[in-house]
Structure formats: C-alpha cells, structure tokens
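Chain identifiers are assigned alphabetically (A, B, ...) following the order of the sequence lines, protein sequences preceding nucleic acid strands; residue numbering begins at 1 within each chain. Reckoned from all heavy atoms, side chains included, excluding hydrogens, waters and symmetry mates.
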There are 2 protein chains.
Amino acid sequence: MYAAAQARQQSVEQAEQLAKAQVSGPHLVATYKAGREIYAEGDLNDKCYQVSTGAVRVYRLLSDGRRQVVSFHLPGEMFGFEAGTDHSFFAEAITDTTLAVFGRRHMQERSRDLLALALAGMARAQQHLLVIGRQCAVERIAAFLVDLCERQGGGRLLRLPMSRQDIADYLGLTIETVSRVMTKLKARSVIALRDARTVDIMRLDALRSLCC
Amino acid sequence: MYAAAQARQQSVEQAEQLAKAQVSGPHLVATYKAGREIYAEGDLNDKCYQVSTGAVRVYRLLSDGRRQVVSFHLPGEMFGFEAGTDHSFFAEAITDTTLAVFGRRHMQERSRDLLALALAGMARAQQHLLVIGRQCAVERIAAFLVDLCERQGGGRLLRLPMSRQDIADYLGLTIETVSRVMTKLKARSVIALRDARTVDIMRLDALRSLCC
DNA sequence: CGCTAATTTGACGCTAGTCAAGCCATGTGG
DNA sequence: CCACATGGCTTGACTAGCGTCAAATTAGCG
C-alpha cells in the first residue's frame with residue numbers, strides 16, 4: 001500500500017502558530033513538531049519558507065492515496081513558492097523543524113531572487129524526472145544518496161531525517177524495494193548502516209557510477 | 001532499447017540559421033526542419049523561444065543512451081529558460097517548426113513574466129513527476145492524452161506530432177507498451193485511431209477517470 | 001512500385017510490487 | 001524490572017506488469 005497523508009486536522013493549531021509569528025515583514029520564525037502540516041493543497045500561497053533546522057517534505061496525493069513526494073528540504077533550503085494563488089501541494093515537517101517565513105511583500109521585493117529559485121526548482125524537478133522515468137531501483141537509491149550527501153556538505157556520514165516510506169514515495173518505489181536495495185548496497189560494502197536512519201558512505205565513487 | 005539522440009552534428013547549419021535571424025532585439029523568427037537541434041546540453045543559455053508552428057521536444061540523456069523527454073511544446077508555448085548559464089537539456093524540432101526567438105535583453109526587461117513561466121514550468125514538471133512516479137501505464141497514457149487534448153484547445157480530434165518513441169521517453173515507458181495501451185484503449189472504444197498519429201477521443205470522461 | 005522507418009503484435013523473462021511474517025528499538029503500564 | 005504493545009524496518013515467497021527480443025504489418029517517401 002501507498003502512504004496516505006495523515007496529520008490533516010492540526011491546521012488550527014498552526015494557524016495560531018503563524019498568527020503568533022505575525023507574518024508581514026521579512027524573516028519571522030515558525031516551529032513545527034514532527035509530522036505537522038506546514039501548508040496543504042488549496043491553502044493560500046502567499047509566503048515562502050527557509051528551513052533553519054529539521055527537514056520538510058513536499059508532496060501530492062492521488063485520490064486513492066498514492067503519494068508522490070516531489071522534494072525534501074534541508075537546512076538552508078527554500079521552499080513554498082508555486083504557480084497560482086493556491087498551493088497544489090502539501091508540505092509537512094519530517095522531524096521537529098524551525099522555519100524562517102517570508103511574506104508577500106518580501107517576495108515582491110525580491111522577485112529577481114525568486115526567479116533564480118524557481119528556475120532551480122524546475123531544474124531539480126526535471127532532474128528528478130530523469131531518475132524516476134529512466135533509472136532502475138538501485139540507480140534511483142544511489143542518485144538519492146549522492147544528492148543528499150552533497151546537500152549535507154559532502155560528509156561521508158549521512159543522517160536520513162525521512163522514513164523508508166518517504167524515500168519510497170520520493171523515488172516512485174515501495175518501502176520493501178527501498179529496504180532491499182539498501183541491504184544490497186550494504187552487502188556490496190558501498191554503504192554501511194549504523195542504524196536505519198544513519199548511512200555511512202563507504203565508496204562514494206561506486207555510488208556515483210551507479211547513477212550513470 | 002531506449003532511443004539514443006541522433007541529429008547532433010547539424011549545429012553548424014543552425015548557427016547559420018540563427019545568425020541569419022540576427023538575434024538581439026525581441027521577436028525574431030527561426031525555422032527548423034523536423035529532427036533538427038534547437039539547442040544542446042552545454043550550449044549557452046541566453047535566449048528563449050515561443051513555438052509559432054510545429055512542435056518541440058526537450059530532453060536529457062543518460063550516458064548509455066536512455067532518454068527522458070521532460071516536455072513537449074506546442075504552438076503558443078514558451079520554452080528554453082533554464083537555471084545556469086548553460087543548457088542542461090537538448091531541444092529539437094519534432095516536425096518542421098518555426099519559432100519566435102527572444103534574446104537576453106528582452107528576457108531582462110520581462111523578468112516578471114519569466115518568473116511566472118518558470119513557476120509554471122516547475123508545476124508542470126512536478127505534475128509530470130506524479131504521473132511517472134505513481135501511475136501505471138494506462139494512467140500515464142490517459143493523462144498524456146488528456147493533457148495534450150486540453151493544450152490543443154479541447155477538440156476531440158487529436159493530432160500527435162511526436163512518435164511513439166517520444167511518447168515512451170516522455171512517460172518512462174517503452175514504445176511497445178505505449179502501442180499496446182493505445183490498442184487497449186481503442187478496444188475499449190475510449191479512443192479511435194484514424195492513423196497512428198491521429199487520435200479521436202471518443203470518451204473523454206473515461207480518459208479523465210483513468211487519470212485518477 | 002519498392003525501400004525504409006514506424007508501429008503493432010506475440011512470446012517470454014525479469015524487476016519491482018504484493019502479501020505476510022518476523023525483527024528490532026522504543027515506550028508504557030503492571 | 002519485565003511483559004507487552006507499537007511502529008518502523010527487514011526479509012521471504014509469490015505474482016503481475018512492464019521490458020526485451022523478434023517478427024509481422026503498415027505507413028511514408030523517393
């Protein structure tokens with residue numbers, strides 16, 4: 001089964017949370033507990049966000065509950081800008097998360113930066129398309145690990161904030177396949193697993209060559 | 001086998017073609033024969049384009065020749081803007097095509113419009129991710145046909161400028177699967193095929209419900 | 001009219017999905 | 001402190017959908 005989105009009914013608390021932050025000027029702070037919704041499909045799209053600590057998933061659902069995670073966002077990364085006045089995606093905190101929130105005014109002042117961000121977002125999505133459309137399970141996982149490794153600064157020790165289900169829904173696979181590929185990579189000593197969420201990259205070159 | 005990109009060596013002729021058009025001000029016209037390259041990976045990214053007549057495919061290649069078509073562009077649609085100073089994609093004319101070409105100056109003047117285009121492009125890529133990541137072959141084809149139908153104005157008669165290979169590489173499938181799904185949809189009288197490139201949408205509602 | 005490329009169809013195999021059970025770490029209450 | 005529940009992850013057995021390979025058919029074009 002695919003993961004259906006849970007955690008939909010907490011919007012009230014968040015509304016309070018945001019209200020407390022009084023969004024209007026630049027750089028206000030909001031905090032979210034693990035699993036909490038940041039925005040939902042249909043919500044007004046008038047802010048954007050930068051992760052300070054924690055991690056965020058942005059995803060879309062099909063009516064039968066199938067989920068596609070379109071992006072993860074780590075500390076330092078921006079998200080939340082979309083075409084249209086309403087969001088077409090959901091965003092949730094994966095772990096406990098703090099965000100810098102930018103309001104409409106700030107976005108208008110910085111539309112030049114926003115263009116660069118939008119272009120980068122498009123490039124990221126299109127790269128992701130290649131991975132999902134034309135690579136097999138091992139290649140997808142390899143690409144995912146390499147990408148995450150680079151975004152965390154290139155260190156060999158990788159902390160995964162997201163669950164196997166999140167990874168599966170990001171890569172168009174199932175948790176079982178993600179798990180099996182991980183153990184296969186472990187067996188080949190390409191990676192080592194301290195625990196399920198902590199990956200040691202043993203042979204980055206091998207991972208890279210798997211991405212094609 | 002996946003389609004390797006052919007048609008790489010004609011860049012010289014095109015350089016002439018573009019030179020002839022003297023790109024500098026807004027709205028210059030360029031024409032391309034079917035299969036000709038408009039830009040390649042690594043080319044300088046300093047123009048953008050609007051299709052006047054014909055159709056364009058934008059794609060990326062893996063080193064072993066696997067190809068992912070990230071977008072098709074029909075008359076009226078813009079393409080060619082990317083992050084970075086160089087292109088990371090290839091663009092080719094599918095059929096004989098004429099384009100309006102906009103130079104760097106024009107793009108700077110209209111960075112506000114460009115933002116909207118970039119956001120739309122990102123949305124399109126992310127929608128495409130959901131289709132490829134989480135839908136089965138029939139659903140992908142249905143989504144593709146509905147999308148194309150809407151972009152051609154909603155008429156029930158659909159002319160496909162692209163080959164089965166292009167469709168396969170767009171949807172992350174093989175030509176054989178595309179062909180089989182088409183015949184299955186024909187058997188169910190959801191569509192009719194005048195010829196391979198001309199589709200009659202018989203039951204648009206049925207197609208839509210297949211997309212979820 | 002014949003050549004070539006594109007598309008369709010068929011037979012078969014493999015990758016990844018499904019279903020189910022087991023494992024492991026964590027937390028809770030007796 | 002232990003029994004037990006819980007949720008996330010792993011593993012195994014089996015299956016289905018799509019890919020591969022090959023051949024037939026059709027369409028396009030000089």
query: So does A/Arg124 pair up with A/Asp147, basic N to acidic O under 4.0 Å?
result: yes
- prompt: Atom CG of A/Leu185 and atom P of D/dT10: how far apart are they, to the nearest Å?
  reply: 12 Å
message: How many whole angstroms separate atom CG of B/Asp169 from atom P of C/dA6?
response: 13 Å
message: Using a 4.0 Å heavy-atom cut-off, does B/Ser179 contact any base of the nucleic acid, only the sugar-phosphate backbone, or nothing at all?
response: base
- prompt: Atom CD1 of B/Ile132 and atom C1' of D/dC18: how far apart are they, to the nearest Å?
  reply: 15 Å
message: What is the distance, to the nearest angstrom, from the CG atom on B/Asp166 to the P atom on C/dT7?
response: 9 Å
- request: Go through the N and O atoms of the side chain of B/Arg164 and the base of C/dT9, and report whether any donor-acceptor pair is under 3.5 Å.
  value: no
query: So what does B/Arg197 touch, heavy atoms closer than 4.0 Å: a base, only the sugar-phosphate, or nothing?
result: sugar-phosphate
- prompt: Taking 4.0 angstrom as the limit, do A/Glu92 and A/Lys33 come out as a salt bridge?
  reply: no
message: Using a strict threshold of under 4.0 Å (side-chain N to carboxylate O), is an ion pair present between A/Arg194 and A/Asp200?
response: yes
message: Rounded to whole Å, please give me the gap between CZ in B/Arg194 and P in D/dT26.
response: 20 Å
field: Interatomic distance, B/Met182 CE vs D/dT26 C1' [rounded to whole Å]
entry: 16 Å
message: Classify the ring geometry of A/Tyr170 against A/Phe72: parallel below 30°, tilted from 30° to 60°, perpendicular beyond 60°.
response: tilted
- request: Flag the pair B/Glu176 and B/Arg164 as a salt bridge only when some basic side-chain nitrogen lies within less than 4.0 angstrom of an acidic carboxylate oxygen.
  value: no
message: Without decimals, in angstroms, what is the distance between B/Lys184 NZ and D/dA16 C1'?
response: 12 Å
- prompt: OP1, OP2 of D/dG19 versus side-chain N and O of B/Thr177: anything below 4.0 Å?
  reply: yes
task: Can you figure out which of C/dT7, D/dG28, C/dA16 approaches the side chain of B/Ser163 most closely?
output: C/dT7
task: Using the closest heavy atom to pick a nucleotide of DNA chain D for each, name whichever of A/Ala196 or A/Arg180 lands nearer the 5' end.
output: A/Ala196
query: Can you tell me how far P of D/dC18 sits from CD1 of B/Ile141, to the nearest Å?
result: 10 Å
query: For the base of C/dC19, is there a side-chain donor-acceptor partner from A/Glu176 under 3.5 Å away?
result: yes
